[in-house]
Structures are given as C-alpha cells and as structure tokens.
Amino acid sequence: MIGSLRWSRFPSVTKSSRYLGMAIGIICLVPATLGVVAAAFGWLPHDPLQFIGESNGGPSLQHFLGCDSLGRDLLSRLWAAAAYFTPPGALAMVVALSLGVVLGVAESLGGRFWGAISSWCLQVMDSLPKFVLVLLVAAIARSNLIWIMAAVGATFAPQIAAAIRSSVERLRAAAFIEAEKSLGVSMTRIVFFHILWGHARHVILAQLMSLMAYALLVETSLSYLGGELGVQEPTPSWGNMIALARDGVFTGNLLPAIIPAIMISITILGFSLVGQGLLQLWEERA
Amino acid sequence: MSDSTLSISSHTLPIGPRSDSGRLILGLLSLAARELIATILVLIGASLLLFLVLKAAPSEDHLQLRLGQSTSVTAEQAGETFASETLAGQYVTWLEGVVTGDFGTSKALQRGRPVADLLKPAFFASFKLLAAGLFLSALLGLLAATLSIFRSRNPLWRITLGLTSLTSAIPVFLYVYALVAGGNRLIAWGAAQQHWQIPGWFPLPMSPDFVPWFFAVLILAVGDGSLMDMTQRFGSELRHSAGDEHMVGVRMMNISVPVVIARGFLPGALSHISRRISFVLGSLVVLEAALGWPGLGYLAWRAAAERDMPVLLGAALLMAVALRLVLMVFDLVGTAADPRRRVTK
C-alpha cells in the first residue's frame with residue numbers, strides 16, 4: 001500500500017533542478033572556455049613554454065597562479081592546455097557525429113540488408129573496450145593527439161547512432177511525417193531536417209557533451225600515465241601538468257598539482273551536467 | 001482468469017514464469033542460441049577491426065603478429081612469409097592462431113614468453129576488481145536514484161546528490177594520485193604521532209591486501225563519472241518503470257507494485273550496466289596502470305607503452321570476448337525478468 005501511494009505520484013525531475021544543473025554546468029565550463037578564448041586571441045599572460053619564473057614560485061602579480069617546477073607560468077599553461085585540447089576534441093565530435101549519423105540512419109532506414117550491415121558494424125565497434133582501442137591507436141600513432149581523438153570519436157559513434165535510431169523509429173510513423181510524405185517532401189529532408197534537427201538535436205547534443213567529457217578524460221589520463229601515449233612535454237596538458245607536479249606534493253608545493261586537477265574535474269562535471277540537462281529536456285518532450 | 005495469465009482478445013499470453021516454465025526455458029535457450037551466433041559474428045568483426053587498425057599503422061608493427069605465432073621457423077622467415085601473403089590470408093593466418101589460443105609471443109614486455117601465459121593470470125585478477133567495482137557502483141547508483149525520487153524536494157538531499165556528481169566527475173587517476181600521496185602521508189603521520197600502528201599494506205600500493213583493494217574498488221565504482229551515470233540512468237529507468245501506463249492495471253489487479261517496478265526496471269538497468277562495462281574497463285586500465293597492480297589493464301597499458309602489439313591485441317580481444325559474454329548473459333536475464341520483453345521476443 002505504501003509502495004503504491006508513493007509510486008503513484010509518478011515522480012519526475014523538477015524544472016528548477018534541471019535548469020539549476022545546466023546553469024552550474026555552464027559555470028563549470030567558463031574557466032576552460034576563457035582559456036580557449038585567451039589562447040585564440042593571444043591574451044595569455046606569458047608564453048606557456050618559456051622558463052620565466054622561479055621554480056615552484058607562489059602566486060604573485062606577475063604570475064597569478066604561480067609557476068610550475070620548471071618555472072613556467074601556471075595560468076598560461078592551464079589556458080594553453082585548454083586551447084590545445086579543443087581542436088582534437090572537436091575532431092572527436094565530428095568523427096562521432098559523422099559515423100553515428102551515417103550508421104544510425106542506415107540502420108533504421110536502410111532496409112534489411114544495409115540495416116543489418118550497419119547494425120553489425122555498430123555492434124562490432126561497441127564490443128571493443130573503448131579505452132583499449134584508443135590505447136592501440138595511441139601506440140600506433142605515437143601519441144599523435146589528432147589520431148587519438150579520432151579514435152575516441154569512432155568508439156563513441158554507437159552511442160550517437162543509438163540516439164538517432166531511437167528518434168527515427170519513434171517518429172517515422174508519426175502523423176506529421178505521414179503528412180510530409182504525402183506532400184512530396186523528400187525522405188532526406190524529413191530525416192535530417194524534421195527528425196534529426198527538429199526532434200533529436202537535444203539528445204544528440206547531450207551525447208556530444210558526454211563525448212567531450214570522455215575525450216578529456218582519455219586525454220588527461222593518457223598524458224598523466226606517460227609511456228609516450230598522451231600529450232608530451234613541453235606541450236601543455238592538464239594531465240602532464242599533474243604528472244610533472246606529482247612529487248611536489250611531498251615538498252609542500254600543492255598548487256601546480258591541485259589547480260589542473262580542479263580544472264579537469266569541473267570541466268568534466270560541466271560537460272556532464274549540461275548533457276544531463278539536455279537529456280532531461282528531451283525526455284520531457286518525448 | 002487465472003492469476004498468472006492475462007486474456008487479450010482471443011490470445012492468452014503467459015505473463016509469469018509459473019504459467020509455462022517449459023516454454024520459457026525453450027524460449028530462453030532459443031534466444032541464447034541466436035545470441036551466441038550473433039556474438040561469434042560480432043567477435044569476428046571485432047578481430048577484423050583490430051587487425052585492420054594494426055595494418056593501417058605506418059610502421060611494421062603488424063608483422064609482430066605473425067612473428068609471435070611462429071615456432072617452427074625463424075622470426076625473420078616467418079615475417080617474410082607473412083608479409084608476402086594477401087591481406088585476407090594474413091588475417092586468416094592470425095585468426096587461426098588466436099582461435100587455437102595462440103596469441104603469439106611477447107615482443108617487449110617479457111620477450112619470447114607466450115602471450116596467453118601473460119593474459120591468463122592477469123585476466124582473473126582484473127575480473128575480480130571489475131566485478132566488485134561494477135557491483136558497488138550499481139548498488140550505490142540504485143540507492144542514490146531511489147532516494148533522489150523519494151526525497152527530490154529535500155534541499156539537503158539535493159545538495160548530497162550534487163556532491164555525489166562532483167565526486168564522480170573526478171577522474172580515476174586523480175583518485176589514485178590522492179590515495180597514494182595523501183593516504184601514505186596520513187598513515188605515516190599518524191604512526192609518527194603514535195595514533196596508530198603502520199599497517200601491513202603500507203606504503204600504498206605495494207601490497208594487494210584487502211584494504212588497498214577495497215579502496216581500488218571504491219575508486220572504480222565512483223570515479224570517471226561511473227556513479228553519476230548509474231544514478232542518472234537508474235533514476236530514469238525507475239521513473240519510466242513506475243510511470244508506465246500498465247501500472248494502473250497493476251494496481252487494479254492488486255499485483256505487488258514494487259515487484260512489477262523491479263521487473264520493469266531490471267532489463268533497462270542491466271542493459272545500462274552492460275553498456276557501462278566498456279567505460280569501466282577503461283577506468284580499470286588507468287587504475288591498474290597508476291597503481292602498478294598486475295592485471296589485464298596494466299598489461300594492456302604496458303604493452304601500448306612498449307608497442308608490444310601481440311600482448312595489446314590479446315588483451316583487447318580477451319576484453320571484447322568477456323564484454324560480449326556478459327552482455328549476452330544480461331540480455332537473457334533481462335528477458336527472463338520482464339514478461340513484456342519475453343512476449344515481444
């Protein structure tokens with residue numbers, strides 16, 4: 001009885017909590033976005049590769065966040081790392097979106113043969129552990145971030161394809177689609193404009209946000225672990241910045257390790273919260 | 001109408017395992033056979049994909065595959081023969097070896113040692129860690145999801161959920177770093193102040209004792225977004241399961257609501273866990289590599305770092321096989337649990 005009373009309320013996520021979550025997510029992404037903008041417009045306080053300060057120097061007016069163990073400006077390296085990650089991260093999104101759209105649409109609308117082939121391709125890609133496939137590509141590409149992120153995008157394509165397939169299958173028999181068909185609107189326009197853009201963009205965007213969080217996780221993990229698999233020094237990455245500052249913790253120099261760690265965590269949290277908010281928005285509409 | 005059948009027009013659909021257990025078992029066996037065939041086809045595809053990725057390498061990495069598998073001829077001779085074969089021939093030669101358990105020999109990690117000998121003990125060590133991590137993550141996720149539904153308007157609980165999201169967004173390697181750096185300092189400080197004795201597993205991560213192992217499981221369960229993802233998906237599944245239209249009928253027929261919700265929730269939850277395994281395997285690689293614990297993940301990372309392709313491919317294939325088998329089992333359990341899925345299948 002208690003169960004039926006409680007469950008009968010059909011509990012759902014409140015609008016305020018969803019928007020609060022998305023707002024927090026966007027705020028979490030601000031520091032990384034600032035870094036990308038600053039690096040793109042040349043507004044970095046110092047050259048991130050130059051040894052200009054004191055080793056493990058504390059925060060000062062010249063160096064707002066202090067310097068790393070080699071005397072390089074920490075803030076400049078943090079922002080440069082965000083900027084350095086952005087193009088490969090965008091490539092991962094493009095690869096995932098292209099593969100996911102092609103395979104997802106082929107699976108749901110390609111007929112028996114192409115549908116089966118696409119489904120098999122997606123299952124094959126999904127059956128391999130994502131990180132291990134990325135490790136293989138990293139080993140072959142000798143830590144080239146472009147190839148690593150392309151692999152991340154390819155491993156994420158099944159998630160995008162699943163979202164697309166679900167939207168297409170849900171809407172293909174809807175009344176407005178039937179009406180468009182009878183008006184002579186082409187199937188390509190119906191799929192790409194009315195279904196994917198009109199109805200599935202939130203869920204695709206949510207998946208892309210998850211992909212960015214995962215791509216950042218992979219890049220920083222590889223760069224932290226070393227083994228010439230991630231971003232190599234002197235190129236800045238939040239992962240290799242922590243790896244460099246690893247021993248500083250034992251001598252009391254916490255800042256060079258803590259600040260990149262905070263940046264990684266809040267950026268991943270930001271992508272996840274924005275993705276979750278978009279997904280809930282889609283679920284509410286569906 | 002009996003309590004275990006539901007009449008719809010002229011059809012009578014079995015809605016519980018008691019109605020026709022023989023049919024249920026036969027149905028599940030038939031589904032298992034179909035799933036097994038699909039799994040074999042998918043694994044062939046996965047091996048082909050791995051082979052093609054290696055073939056696309058600009059260097060001579062792919063030759064390592066055949067070099068490792070040859071025992072009767074010299075490595076150079078085997079490499080030359082392999083290189084002169086067609087692409088399909090090379091793949092079939094390699095696959096033949098893999099199917100018979102011959103993954104080749106290690107080229108860098110333990111030069112000359114069969115890869116299968118390296119993979120076997122590593123697999124079992126990692127499997128325990130992975131299973132425990134996933135179980136804990138699912139358990140914590142279910143708890144958080146259930147509480148988030150019942151206590152959704154409680155501000156304190158919402159803050160707790162927010163903090164859960166924040167702790168879950170922290171990558172596994174950061175947790176390991178904090179555990180090793182902070183944990184060791186704390187233990188050493190406490191021992192110096194005579195608050196406690198130095199434990200047998202000090203310093204981390206030297207000994208695979210229960211306490212460090214438990215911390216590793218906890219990190220795997222929470223980090224890399226695992227807990228946040230589980231909470232989110234489980235919450236969504238619970239809401240769907242509780243909000244389905246048939247719940248009105250369930251109440252009218254006086255069937256236990258929590259049981260129906262659980263049976264509706266289980267297939268979706270298992271499907272989500274099986275999708276999550278792929279990500280948790282990645283976390284496992286990072287965890288083992290950062291801790292230096294011998295396991296399949298550590299082996300894969302070392303193999304990648306030292307470009308030992310036979311070991312890396314062996315580890316990837318073994319993980320793919322395990323992943324597919326778990327997926328198959330979960331699908332069968334999900335089908336057995338939810339009567340609606342059973343009818344549609």
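All heavy atoms count here, side chains included; hydrogens, waters and symmetry mates do not. Convention: sequence-line order gives letters A, B, ...; per-chain numbering from 1. Just so you know, these numbers come straight off a predicted model, no measurement behind them.
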Bottom line for B:Ile170: the part with an atom under 4.5 Å from chain A's heavy atoms is both

| query | Between the side chain of A:Trp120 and the main-chain N/O of B:Leu41, is any donor-acceptor distance below 3.5 Å? | reply | yes

Applying a strict 4.5 Å limit to non-hydrogen atoms, the region of A:Leu135 in contact with chain B is both

Max heavy-atom pairs within cutoff under 4.5 Å with chain A, candidates B:Leu281, B:Leu312, B:Ile44, goes to B:Leu312

Ranking B:Thr39, B:Asp224, B:Val172 by heavy-atom pairs under 4.5 Å to chain A gives rank one to B:Asp224

The interface call for A:Leu216 against chain B, heavy-atom contacts under 4.5 Å, is neither

- Task: Would you check if A:Phe131 and A:Tyr214 make a side-chain contact, meaning some heavy-atom pair closer than 4.5 Å?
- Result: yes

Comparing B:Glu306, B:Met228, B:Arg275 against chain A, the one with the most heavy-atom pairs below 4.5 Å turns out to be B:Met228

query = Backbone N or O of A:Val152 within a donor-acceptor pair of the A:Thr155 side chain at under 3.5 Å?
reply = yes

Problem - Within 6.0 Å of CD in A:Glu233, more than 12 heavy atoms from elsewhere - result: yes

Okay, B:Leu323 and chain A: the region with an atom under 4.5 Å from a heavy atom over there is side chain

Among A:Ile268, A:Val132, A:Leu225, the residue with the most heavy-atom pairs under 4.5 Å to chain B is A:Leu225

Is the backbone of B:Val42 close enough, under 3.5 Å, to the side chain of A:Gln123 for a donor and an acceptor to pair up by distance?
no

Okay, A:Thr220 and chain B: the region with an atom under 4.5 Å from a heavy atom over there is both

Bottom line for A:Ile262: the part with an atom under 4.5 Å from chain B's heavy atoms is neither

Cut-off 4.5 Å, heavy atoms of chain A, and the answer for B:Leu166 is both

Under 3.5 Å, is there a donor-acceptor pair between the side chain of A:Trp238 and the main chain of A:Ala261? no

Between A:Ser210 and A:Gln159: side-chain donor-acceptor atoms closer than 3.5 Å:
no

- [ ] Report yes or no: is the cationic atom of A:Arg246 (NZ for Lys, CZ for Arg) under 6.0 Å from the centre of the six-membered ring of A:Tyr224, at an angle within 45° of the ring normal?
- [x] yes

